[in-house]
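In this text the structure is predicted, and so the values were computed from the model without any measurement. Count residues from 1 along the sequence.
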Amino acid sequence: MDSAFAYAPAPESRSVVDIAPSYGLFIDGEFTEAADGKVFKTVSPSTEEVLSEVAQAGEADVDRAVKAARRAFEKWSALPGSERAKYLFRIARIIQERSRELAVLETLDNGKPIKETRDADLPLVAAHFFYYAGWADKLDHAGFGSNPRPLGVAGQVIPWNFPLLMLAWKIAPALATGNTVVLKPAETTPLSALFFADICRQAGLPKGVVNILPGYGDTGAALVAHPDVNKVAFTGSTAVGKAIARQVAGTKKKVTLELGGKGANIVFDDAPIDQAVEGIVTGIFFNQGQVCCAGSRLLVQESIHDELLDSLKRRLATLRLGDPLDKNTDIGAINSAEQLARISSLVEQGEAEGAERWSPSCELPSSGYWFAPTLFTNVTQAHTVARDEIFGPVLSVLTFRTPDEAVAKANNSQYGLSAGIWTEKGSRILAVAGKLRAGVIWSNTFNKFDPTSPFGGYKESGYGREGGRHGLEAYLDV
């Protein structure tokens with residue numbers, strides 16, 4: 001995009017990561033072909049280049065992996081917590097040592113800017129393993145009673161927006177508490193999970209403790225339905241989450257669901273405008289808005305609406321869209337053609353319903369999947385763009401006059417995952433936060449994560465918490 005400054009290209013080298021032409025499933029400590037021989041291709045969203053061919057797990061492979069995890073569970077769960085911690089610490093250190101390689105890999109396979117994978121994703125991935133390694137020998141003191149026991153085999157299904165970070169959110173607490181894992185990565189981003197399988201071998205993790213099964217939705221459904229899976233953890237769309245909840249109803253499986261969101265970012269008239277604008281940009285344009293807790297609804301107090309909108313538009317005009325491997329890039333590629341089509345459809349619907357669309361002057365690359373940062377003004381609560389999760393770089397702007405109106409509009413959503421509050425008054429932050437029905441509420445910031453803090457939502461944003469001490473409970477028989 002146009003900028004007062006000229007930035008010379010600063011590409012990260014692809015040579016730091018060696019992607020094999022093909023990858024198998026990771027079952028019982030070994031890479032293996034799918035039972036039926038099926039494979040699929042994973043492509044780079046920014047160039048549409050085929051990165052590798054990956055084995056596609058079927059029902060027979062799911063059964064093999066679950067049986068391997070069940071065999072490994074007996075010995076893994078019997079280890080003292082201090083011994084399990086050693087493996088988790090080792091994994092965390094290897095992730096740190098290989099962080100540059102993994103950041104480039106994640107950017108190639110996902111499309112997000114390298115500065116996000118390098119500076120946000122990878123440090124958080126390592127931090128989660130370090131954090132839960134610290135809990136492994138202290139479970140008696142976690143608040144869940146004395147001698148809490150692991151559940152058994154955890155079936156975990158993760159999305160494509162934060163492939164390695166979602167893996168860490170799922171696997172680290174599961175292993176710390178003595179469970180074994182069968183994990184299905186998203187079909188568009190399987191590579192970092194397969195590289196993690198190599199890290200498990202490098203760390204000497206016992207065979208069968210972690211199993212990785214790339215595949216499509218039917219692979220995940222088979223994993224969720226498997227009778228020997230004791231715990232299901234899913235992050236993804238609300239529709240699939242509802243299907244999983246129906247599928248496990250009446251069984252003894254423990255379930256956590258982290259689903260969609262339509263986060264409200266509330267800016268009061270005493271907020272520092274420039275700081276708020278930066279938070280708004282981070283809230284919705286980080287990872288191209290492909291974030292379940294994105295601040296996709298901006299609620300602005302009427303008296304500062306024009307001033308804030310002018311400042312926000314000026315800031316958007318300075319964002320740089322393009323090659324995700326360029327260290328200067330702010331906006332990368334949309335993850336897939338399917339997701340780009342969904343974003344485009346919802347944006348067109350917003351225009352058809354009368355909302356006013358605006359994007360900065362922006363030249364999109366000729367290949368790959370791209371969408372310019374977009375604002376919608378003159379939006380009402382009835383507009384589709386104010387209700388539905390778009391999961392893209394699209395911000396809907398609404399106004400309010402009083403704190404009570406802000407709370408009412410923020411809570412007028414089927415989702416309840418996140419919110420942000422911008423004001424200089426601590427008393428107002430506490431008063432408003434106490435009335436918001438959202439699992440995570442940021443004050444004068446947005447999209448800040450820490451492994452010690454629980455994350456999860458209400459209503460159609462799912463149930464259960466991941467992260468922090470609370471994240472242990474989902475993997476323990478309490």
Backbone of E460 reached by a side-chain donor or acceptor of T238 within 3.5 Å: yes
More than 12 heavy atoms of other groups within 6.0 Å of R93 CZ: no
K138 atom NZ: more than 12 heavy-atom contacts under 6.0 Å: yes
Approximate separation, where rounding is to 0.5 Å, of T329 OG1 and R320 CZ: 7.5 Å
side-chain contact (heavy atoms from CB on, under 4.5 Å) assessment of V210 paired with I212: CA-CA 7 Å; V210 169; I212 308 289; 3.9 Å; yes
Over 12 foreign heavy atoms within 6.0 Å of CD, E59: no
Flag if over 12 foreign heavy atoms under 6.0 Å of NZ, K459: yes
Residue from D61, L213, V229 passing side chain to side chain contact (heavy atoms under 4.5 Å, CB included) with V182: L213
Ring-face cation of R84 near Y87 (centre distance under 6.0 Å, axis angle within 45°): no
S461 side chain to G260 backbone, donor-acceptor under 3.5 Å: yes
Pairwise side-chain contact, L102 with I199, heavy-atom cut-off 4.5 Å (strictly under): yes
Y132/L472 under side-chain contact (heavy atoms from CB on, under 4.5 Å): CA gap, chis, key distance, verdict: CA-CA 9 Å; Y132 282 109; L472 298 166; 3.7 Å; yes
Flag if over 12 foreign heavy atoms under 6.0 Å of NZ, K207: no
Check: D330 side chain, L321 main-chain N or O, donor-acceptor pair, under 3.5 Å: no
Spacing of F371 atom CZ and L340 atom CG [to the nearest 0.5 Å]: 7.5 Å
E101 side, atom CD; I19 side, atom CD1 - distance, nearest 0.5 Å: 9.5 Å
Any K254 side-chain heavy atom under 4.5 Å of D477 side chain: no
Check against side-chain contact (heavy atoms from CB on, under 4.5 Å), N287 and N110: CA-CA 10 Å; N287 196 17; N110 172 275; 3.8 Å; yes
Sidechain N-carboxylate O distance under 4.0 Å for D198, R98: yes
Approximate separation, where rounding is to 0.5 Å, of T117 OG1 and L165 CG: 11.5 Å
Separation of L259 CG from S237 OG (nearest 0.5 Å): 7.5 Å
Y458 six-ring face occupied by R465 cation (under 6.0 Å, within 45°): yes
Residue N147 excluded, over 12 heavy atoms near CG under 6.0 Å: yes
Note, V394 side chain near L346 side chain (heavy atom, < 4.5 Å): no
Main-chain N/O of T235 paired to E258 side chain as donor or acceptor, under 3.5 Å: no
Test side chain to side chain donor-acceptor pair (under 3.5 Å) applied to N335 and T189, step by step: CA-CA 9 Å; N335 181 253; T189 53; 5.5 Å; no
Distance flag, aromatic centroids of F446 and F286, threshold under 6.0 Å: no
Pair F449 and W442, ring centroids less than 6.0 Å apart: yes
A57 backbone acceptor or donor facing T219 side chain under 3.5 Å: yes
Pair N265-W422, side-chain donor/acceptor within less than 3.5 Å: yes
Side-chain donor or acceptor of H128 paired with backbone N/O of L124 under 3.5 Å: yes
Cation-pi, F391 ring and R342 (6.0 angstrom, 45 degrees): no
For the student: nearest non-hydrogen atoms of D119 and P123, plus distance: O-CG, 3.6 Å
Test item: E49 side-chain N/O and S44 main-chain N/O as donor-acceptor pair under 3.5 Å: no
Heavy-atom donor-acceptor pair, N230 side chain to K253 backbone, under 3.5 Å: no
pair Q339-P45: side-chain heavy atoms closer than 4.5 Å: no
P113 to G332 - nearest heavy-atom pair and separation: CG-N, 3.7 Å
Which atom of A68 lies closest to which atom of I27, heavy atoms considered: CB-CG2, 4.3 Å
Minimal non-hydrogen separation, S418 against C293, with atom names: OG-O, 2.8 Å
Side-chain ion pair, K67 and D28, N-O less than 4.0 Å: no
Any I284 side-chain heavy atom under 4.5 Å of L298 side chain: no
No-hydrogen, no-angle side-chain donor-acceptor test under 3.5 Å, T384 and Q349: yes
Audit row: F130, Q96, side-chain contact (heavy atoms from CB on, under 4.5 Å) steps and yes/no: CA-CA 11 Å; F130 277 126; Q96 287 184 321; 3.4 Å; yes
Minimum heavy-atom distance A203-I91, with the two atoms named: CB-CG1, 3.8 Å
Point-to-point distance, once rounded to the nearest 0.5 Å, from NZ of K41 to OG of S22: 10.5 Å
Polar side-chain atom of S396 near backbone of V385 as donor-acceptor pair, under 3.5 Å: yes
Check: L257 and V255 side chains under 4.5 Å, non-hydrogen atoms: yes
Residues, nucleotides or ligands: over 12 heavy atoms within 6.0 Å of E33 CD: no
I390 vs K262 side-chain heavy atoms within contact, under 4.5 Å: yes
Heavy-atom check, side chain of P214 versus side chain of F40, under 4.5 Å: yes
Residue pair S52 / P21: nearest heavy atoms and the distance that separates them: OG-O, 3.1 Å
Please report, to 0.1 Å, the donor-acceptor pairs under 3.5 Å made by any side chain of residues 190-197, with sequence neighbours excluded.
residue	atom	partner	partner atom	Å
S192	OG	E106	OE1	2.7

Please report, to 0.1 Å, the donor-acceptor pairs under 3.5 Å made by any side chain of residues 153-163, with sequence neighbours excluded.
residue	atom	partner	partner atom	Å
Q156	NE2	K170	O	2.9
Q156	NE2	Y475	OH	3.0
N161	ND2	Q290	O	3.1

